[in-house]
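Worksheet for the structure shown next.
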Amino acid sequence: MSEEKSLNFLEEIIENDLKSGKHQTIVTRFPPEPNGYLHVGHAKSICLNFGLAKKYGGYTNLRFDDTNPVTEDVEYVESIKDDIKWLGFEWANELYASDYFEQLYEFAVTLIKKGLAYVDDSTSEEIAQQKGTPTQPGTNSPYRSRSVEENLQLFADMRAGKYRDGEKVLRAKIDMAHPNMHMRDPVIYRIKHAHHHRTGDAWCIYPMYDFAHGQSDSIEKVTHSICTLEFVPHRALYDWLIEKLEIYPSKQYEFARLNMTYTVMSKRKLLQLVNEKHVTGWDDPRMPTLSGMRRRGYTPESIRDFCDRIGVAKRDNLIDVGLLEFCVREHLNKVALRKMVVFDPVKVILTNYPAGQTEMVASENNPEDAAAGERLIPFSGELFIEREDFMENPPKKYFRLAPGQLVRLKSAYIIRCDEVVKDANGTITELRCTYLPESRSGSDSSGINVKGTLHWVSAQHAVPIEVRLYDRLFMVDDLSATEGDFKEYINPDSLKVIPNALAEPSLAKAKPDEHYQFMRKGYFIVDADSKPGKPVFNRTVTLKDMWAKSSKM
RNA sequence: UGUCCGAUGGUGUAACGGUAGCACAGAAGAUUUUGGUUCUUUUAGUCAGGGUUCGAAUCCUUGUCGGACAACCA
């Protein structure tokens, strides 16, 4: 009955904390910096933070880590909120580290008074010099022994704007010989005369990540502060600050970030792709951003399912993008409406079909969902089928159309190819076929069973649509194993546009929020670039294609 | 030549001293008016050496390999 789903290491920690009475309830937070768009790696973190809180009856704050005004922007704040909501999560409180600037300042003063922080006049180069290296201890700054009074005055002057950017910093006084580089008197406040998107010009000193994040967690009484592995070395400082400040002891736990094949997942690189126009924007359907994936036709359900399946652990990983594709296919198969669209048309003339006649054939909208009903599609003696669905000299197991061979036209009749018409270049211009009148779908009395079923459109009824076919953005699966500029590995064929595909008439009225399966082609969704009379569709993902796979070998 | 983290089929992830399981991918077959879906079956794994133990993926130890760490970024 109860399929004992095993717990990941974070769930184990939480269950232990709940069991031992350390916590009655849990509080998590999702802490994006508003300097870029959210990507599928963030989705993993969102699903974790919000999912854990939901599972254990706690709540999650959305807290923007907005401590660096020069890289941050409200545009990003809005997109981040949209993406989280779209993914299907609700935060308990919308908070900002900048809300705590005054409190954080007081914390810094407390540290100074305890003799645990000092104002340093060293340049950034000098500070870097003093840091030493991972294998060599650092050296003390000449300003390290300033008195508490002097530090207090200097820090107040920093806040008052008496100094230029970079002239002074506030450093924690810990241990310049500490084996953990982050404990070698880290900078905790720096001067930036910059306009902040929320606090305006109220401040010219801003706390560093290490002096904002843990303290914000503590202020919010976050019980489990979950972040990625690169913050492991920061944990000692996180704990040190909380201990010295004697504030609520939030605890930090780290998991391995998501890496995926054939893509990059760093905001810096994604920003570069956008700025250098390798993609059309943050929401380009080839981007691993949530806005890009949404535009591409991914569903929140499929992304959540993906995050669930990839699991959570502490070892580095590289997830096959095929798993993401599996998840979206699995969801879309259940909900997408089936349509027929011919990408590369070749004309089929039914020589024995009454001239000028048109009839309507019924076709199920979704064989996986009877409630989706049926639609009527016009059929006539002049049709288009896919060029690749015909072969003049077919191999053994080719089930599609060939001279003398029978195929069914989906939801319509069985036809046989009698004659191939070519132009002077040898290109096929027309296939002359005969149809079996008694083979009509639903009232087939022909007794004939054919192996292949093709999609088609009626020539006079077809509507032109633009179709955009996306492929992986990069040509190598593991970008971390490459050398040189990652942009050298961009796939030049990541977008193929078919400006005039021919669709069944119902697609002229496609709805922006509906997912479609173009039969035998893939899953598609309307793009925002659509214009009246000229809809544009993005391919979310292809269908699995065993034939293409086996025929390649 | 430092500190920290990690290592289970191709890729992920379980097994908490007691039969190495699941998913994706791969292969074979059945069904199918989508070469889709669905359903069977199947290939393939504990980094290496030593130790503790009746018994080790699990504990100890040494080594190997991978990753992180030297921004006034987060």
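- Separation of the C1' atoms belonging to B/rG36 and B/rU31 is 13 Å when rounded to the nearest angstrom.
- Closest heavy-atom contact between A/V119 and A/N151: N-OD1, 2.9 Å.
- At B/rG35, one or more side-chain N or O atoms of A/R520 fall inside 4.0 Å of OP1 or OP2 (strictly under the cut-off).
- Comparing B/rU52 with B/rC69, their P atoms are spaced 40 Å from each other, to the whole Å.
- A/D66 contributes a side-chain N or O that, together with a main-chain N or O of A/S98, makes up a donor-acceptor pair within less than 3.5 Å.
- Residues A/K81 and A/Y76 are not in side-chain contact: their nearest non-hydrogen atoms beyond the backbone lie 4.5 Å or more apart.
- What separates CZ of A/F9 from P of B/rA7 is a distance of 11 Å, to the nearest Å.
- Annotation: cation-pi geometry not satisfied between A/R146 and A/Y118 (NZ/CZ under 6.0 angstrom from ring centroid, within 45° of ring axis).
- A cation-pi arrangement is absent between A/K192 and A/Y206 under the rule of less than 6.0 angstrom and at most 45 degrees off the ring axis.
- Comparing B/rA25, B/rG35, B/rU8 by their closest approach to the side chain of A/R315 singles out B/rU8.
- Of the residues near RNA chain B, A/V312 and A/F399, the one whose nearest nucleotide (by heavy atom distance) lies more toward the 5' end is A/V312.
- Geometric assessment of A/K267 against the ring of A/Y37 yields a negative cation-pi assignment under the 6.0 Å and 45° thresholds.
- Taking atom CD of A/E325 as the reference point, atom C1' of B/rA23 lies 16 Å away to the nearest angstrom.
- A/V77 and A/H197 get closest at one heavy-atom pair: CG2-CE1, 3.8 Å.
- The same atom, P, is picked in B/rA28 and in B/rG6; the two are 41 Å apart, to the nearest Å.
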If a protein heavy atom is under 4.0 Å from the base, mark B; if only from the sugar-phosphate, S; if neither, -; do that for nucleotides 69-74 of chain B going 5' to 3'. SB-BSB

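- If you find the closest nucleotide of RNA chain B to A/L323 and to A/N366, the one lying nearer the 5' end belongs to A/L323.
- Under the side-chain contact (heavy atoms from CB on, under 4.5 Å) test applied with A/F211, the options A/T67, A/L170, A/L111, A/V187 reduce to a single match, A/L111.
- Here, B/rU46 and B/rU34 have their P atoms 42 Å apart, quoted to the whole Å.
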How does protein reach along nucleotides 36-44 of chain B, written 5' to 3' as B (base within reach of a heavy atom under 4.0 Å), S (only sugar-phosphate), or - (no contact)? BS-------

